[in-house]
Amino acid sequence: MSFFKKLKEKFNKQSEEVSEKFKEGLTKTRDSFASKMNDLVAKYRSVDEEFFEELEEVLISADVGVQTVMDLMEELEMEVKRRNIKDTALVTEVISEKLVEIYYGQDNEEIEKLNIQEDGLSVVLFVGVNGVGKTTTIGKLAHRLKEEGKTVMLAAGDTFRAGAIEQLEVWGERVGVEVIKHSEGSDPAAVMYDAVQAAKSRGVDVLLCDTAGRLQNKVNLMNELTKVKRVITREVPDAPHEVLLVLDATTGQNAMSQAKTFSQATDVTGIVLSKLDGTAKGGIVLAIRNELSIPVKYVGLGEKVTDLQPFDAHAFVYGLFSNLVDNQQKEE
Amino acid sequence: MAFEGLADRLQKTIQKIKGKGKVSEADVKEMTREVRLALLEADVNFKVVKDFVKRVKERAVGQEVMQSLTPGQQVIKVVKEELSDLMGGEQSKIAVANKPPTVIMMVGLQGAGKTTTTGKLANHLRKKHNRNPLLVAADVYRPAAINQLQTLGKQLGMSVFSLGTEANPVDIAKQAMEYAKAEHHDYVIIDTAGRLHVDEKLMGELHEIKSEVSPNEIFLVVDAMTGQDAVNVAESFNEQLDVTGVVLTKLDGDTRGGAALSIKAVTGKPIKFAGMGEKLDQLEPFHPERMASRILGMGDVLTLIEKAQENVDEQKAKDLEQKMRSMSFTFEDFLEQMQQVKNMGPLDDLLSMMPGASKMKGMKNLQVDEKQISHVEAIIQSMTKAERINPEVMNASRKKRIAKGSGTSVAEVNRLLKQFEEMKKMMKQMTNMGKKGKKKGGFKLPFM
């Protein structure tokens with residue numbers, strides 16, 4: 001079976017389980033994708049330099065990263081020669097296949113689920129630079145977990161930014177979960193301590209901890225984050241069960257630096273790729289997964305409370321090429 | 001950082017052609033390829049890179065580079081010139097309306113930093129231009145956005161106009177204008193909600209606000225870390241609203257900031273300000289010249305000097321120089337020096353700002369361990385005053401005590417003592433050198 005068929009089939013199967021929004025956000029062109037792909041292929045009758053160039057540009061414009069793209073193109077050109085591929089459709093398939101491969105590497109392909117304990121308290125710590133959507137993501141995830149029947153509590157650990165605590169409180173009200181907070185300017189580690197105590201005594205299933213956004217090159221602020229994590233671990237030995245780095249899909253190559261530095265400070269266990277409903281593709285997560293083995297766990301697809309969905313590498317790679325299809329459309 | 005600067009990239013190519021008497025067209029091609037990669041790695045949009053490289057190539061293939069004795073240097077020079085041209089000169093002026101109030105509208109994607117920038121801009125207007133701005137909370141969508149602006153207003157002691165979250169942003173803007181006139185505010189800054197450039201409904205709303213209040217400035221606020229998509233964002237905001245300027249935020253991070261180039265190239269609009277930190281006074285005029293160096297990874301000497309000037313006490317620096325000359329440099333001075341350098345920011349950053357630092361052997365992947373520095377600090381702090389001034393008195397039992405006091409080992413204490421001695425020797429050599437050769441500029445990084 002061809003890879004694209006597999007991809008499509010896999011996607012169709014999943015779309016029944018996944019909400020409508022996911023389809024909309026990730027594959028606006030889902031239905032017409034195959035036919036558009038054919039159009040593109042028709043434009044490029046032969047596998048020549050021009051064709052490779054366009055592929056390269058599509059991937060670079062998706063922020064996949066220069067090095068990754070260069071390596072990929074090199075491999076691809078070799079593969080094309082080796083297998084004597086003349087059909088452009090086949091090339092696009094091979095490249096998608098390779099992208100999924102880059103993402104998963106040696107690991108198996110199952111969707112990496114959130115590590116939530118069957119019984120007892122699970123703590124999820126959210127970290128990231130300023131303005132990526134940590135607080136919003138927490139609101140959405142709280143909603144999701146509550147729908148799954150969990151009891152959820154939020155910790156307002158962003159004591160720095162003006163209005164951050166109120167923002168989380170609004171989400172708490174919307175979703176109907178309790179928010180543990182101190183006043184603005186207080187010690188975030190102290191907030192975490194109280195929140196963990198409260199979560200334990202009230203027998204909550206999941207505690208979602210917000211933190212202030214910080215640029216990864218601010219050493220003191222990164223140390224503060226390490227301390228916040230340490231306080232959590234001291235109160236619940238195997239916590240935090242997840243440390244989720246929220247990445248803005250519009251971010252370019254700096255996302256790699258973010259992933260590295262935040263991992264050093266807090267052992268990031270997963271990524272939430274936010275704002276994927278715009279025109280940005282967030283392709284850098286492929287390289288991050290490949291180099292640092294940090295999987296993407298969720299994607300943010302809009303402003304509504306239901307707009308957070310589990311990540312699916314196949315659908316994601318599929319989305320990377322929508323530019324190719326769009327370009328094609330424009331030219332027509 | 002994982003990225004190589006343009007200078008490093010070109011270095012490799014130059015090594016290859018060094019032996020050759022003449023630079024061929026193929027060599028130039030290889031060099032422009034490196035330029036392309038450097039720009040792409042810095043997040044400059046690929047279309048912008050394409051045009052840019054084409055121009056560089058034209059100039060490079062011409063006389064300018066190929067006949068030069070130092071083709072690598074020439075390519076860098078051409079690139080820098082082209083880049084500076086493209087970025088334009090410094091422009092941080094803000095329009096003034098003939099009839100007050102002057103209206104500024106802040107627009108951009110979610111999380112770009114509009115609200116924070118609104119606060120910073122208001123602070124800038126008051127401090128630098130002695131104005132009395134009114135902040136308008138027109139973000140009715142994001143939870144607590146109004147709250148955020150109100151808090152900033154309180155911190156700044158400025159009035160914030162709000163009609164709550166139920167009102168229509170267009171009405172808010174309209175009523176804010178009346179309020180500003182009545183209260184004699186000479187500037188009105190409207191903080192709008194973050195929105196996607198492809199969201200037709202919300203972009204329409206901005207349009208309505210624009211025609212309602214006819215702003216003198218529309219500032220597009222863009223995150224400096226934005227990748228390839230910066231072009232799409234800037235293009236559509238500009239097409240739909242005809243923005244008058246750009247504010248680049250979060251530039252105090254470690255991003256190369258190629259987005260700046262993309263935005264300038266596709267909109268032609270000046271980047272007026274840069275957000276350089278979380279505090280409300282950390283909005284600075286944008287320096288296109290420095291940005292060009294930063295994108296290319298060529299070291300940012302100007303920023304380094306500024307940082308040093310900000311954080312190093314001049315008198316202390318003079319004293320130190322004296323001490324270095326007279327060889328009376330002690331552990332006490334060493335400690336003080338370390339603290340001053342630490343004030344300037346993370347050491348990796350400082351190193352990365354020094355041009356050529358990446359070329360030095362061993363420096364390339366040097367990860368400065370901040371922890372090690374605190375170990376050194378602990379060791380010195382565990383010494384008695386006498387020991388700090390005169391390390392010669394050190395004996396085995398003193399060393400043991402120091403190791404215990406600082407939570408390190410005798411071996412580490414020994415290492416530091418040895419390093420300190422070597423440093424003193426080096427200083428002697430350096431100061432001797434300084435006396436002979438006339439030093440230009442006079443800038444000296446303390447203790448390095």
Side-chain angles (χ1 to χ4, degrees), chain A residues 56-57 60-63 65-67 69-70 129-133 135-136 139 160-171 173-174 184 212-221 223 248-258 260-261 274-275 277-284 291 303, chain B residues 1-3 36-37 40-43 45-47 49-50 109-113 115-116 119 141-152 154-155 194 196-199 223-233 236 249-250 252-259 277-278 345-346 348-349 370:
Chain A
E56 189 182 302
E57 280 172 359
I60 282 181
S61 70
D63 286 316
V66 189
Q67 202 50 53
V69 174
M70 295 294 158
V129 299
N130 317 62
V132 288
T135 309
T136 309
F160 181 81
R161 203 201 68 202
I165 297 171
E166 289 87 345
Q167 189 182 349
L168 195 70
E169 278 185 304
V170 173
W171 275 108
E173 268 165 43
R174 266 187 206 173
E184 204 178 297
R214 62 203 75 213
L215 293 176
Q216 72 274 21
N217 59 343
K218 313 270 171 187
V219 175
N220 291 340
L221 294 180
N223 288 344
D248 185 332
T250 47
T251 304
Q253 302 306 299
N254 193 250
M256 179 61 88
S257 159
Q258 291 173 23
K260 273 186 189 156
T261 320
S274 65
K275 309 184 199 174
D277 49 332
T279 46
K281 304 283 183 210
I284 188 68
E291 204 172 302
E303 303 212 316
Chain B
M1 271 187 84
F3 301 130
R36 174 173 178 258
L37 292 181
L40 284 176
E41 277 179 352
D43 283 328
N45 183 269
F46 76 95
K47 284 183 206 147
V49 172
K50 227 178 185 175
L109 296 181
Q110 292 96 336
T115 308
T116 306
Y141 304 106
R142 200 193 62 188
I146 295 176
N147 221 303
Q148 185 182 355
L149 196 66
Q150 278 166 340
T151 309
L152 293 177
K154 217 184 279 165
Q155 280 170 18
L196 286 172
H197 51 294
V198 285
D199 188 330
D223 186 329
M225 294 177 281
T226 310
Q228 295 285 323
D229 204 43
V231 163
N232 300 330
V233 174
S236 35
T249 60
K250 308 175 203 172
D252 50 327
D254 63 4
T255 177
R256 275 279 166 74
E278 303 197 20
D348 302 31
D349 273 16
E370 307 268 344

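Chain letters run A, B, ... following the sequence lines, proteins first, then strands; residues in each count from 1. Everything numeric here is computed off the predicted structure, so don't read it as measured data.
A:Glu184 CD to B:Gln155 CD: the interatomic distance, rounded to the nearest 0.5 Å, is 6.5 Å. Distance CZ/A:Arg161 to CD/B:Gln148: 4.0 Å, rounded to 0.5 Å. Note: A:Ser257 OG to B:Met225 CE = 9.5 Å, rounded to the nearest 0.5 Å. Between the CG atom in B:Leu37 and the CE atom in A:Met70 there is a gap of 5.0 Å [rounded to 0.5 Å]. For the atom pair A:Ile284 CD1 and B:Gln228 CD, the distance stands at 11.0 Å (nearest 0.5 Å).
Heavy atoms closer than 4.5 Å to chain A are found in the side chain of B:Leu109, but not in its backbone. Neither the backbone nor the side chain of B:Lys154 comes within contact range of chain A, judged by heavy atoms closer than 4.5 Å. Residue B:Asn45: no heavy atom, backbone or side chain, is found under 4.5 Å from chain A. No part of A:Glu169 comes within reach of chain B, as not one of its non-hydrogen atoms sits under 4.5 angstrom from that chain.
With a 4.5 Å cut-off on side-chain heavy atoms, B:Arg142 and A:Gln167 count as touching. B:Lys250 places none of its side-chain heavy atoms less than 4.5 Å from the side chain of A:Val129. A:Thr250 places none of its side-chain heavy atoms less than 4.5 Å from the side chain of B:Asp223.
Residue B:Asp254 forms a side-chain hydrogen bond (donor to acceptor under 3.5 Å, both in side chains) with just one option from A:Asn217, A:Thr261, A:Asn254, and that option is A:Asn254. Exactly one of A:Val170, A:Thr135, A:Thr136 qualifies for a side-chain contact (heavy atoms from CB on, under 4.5 Å) with B:Pro143. That residue is A:Val170.
Salt bridge present: A:Glu56 and B:Arg36 bring a charged side-chain N and a carboxylate O closer than 4.0 Å. Taking a cutoff of 4.0 Å between a charged side-chain nitrogen and a carboxylate oxygen, A:Lys218 and B:Glu278 do not qualify as a salt bridge.
Nearest heavy atom pair, residue A:Glu303 against residue B:Gln110, reads OE2-NE2, 2.6 Å. Closest non-hydrogen pair, A:Gly163 versus B:Ala144, comes out as O-CB, 3.5 Å.
Listed options A:Asp63, A:Leu168, A:Asn220 were ranked by heavy-atom pairs under 4.5 angstrom with chain B; first place goes to A:Asp63.
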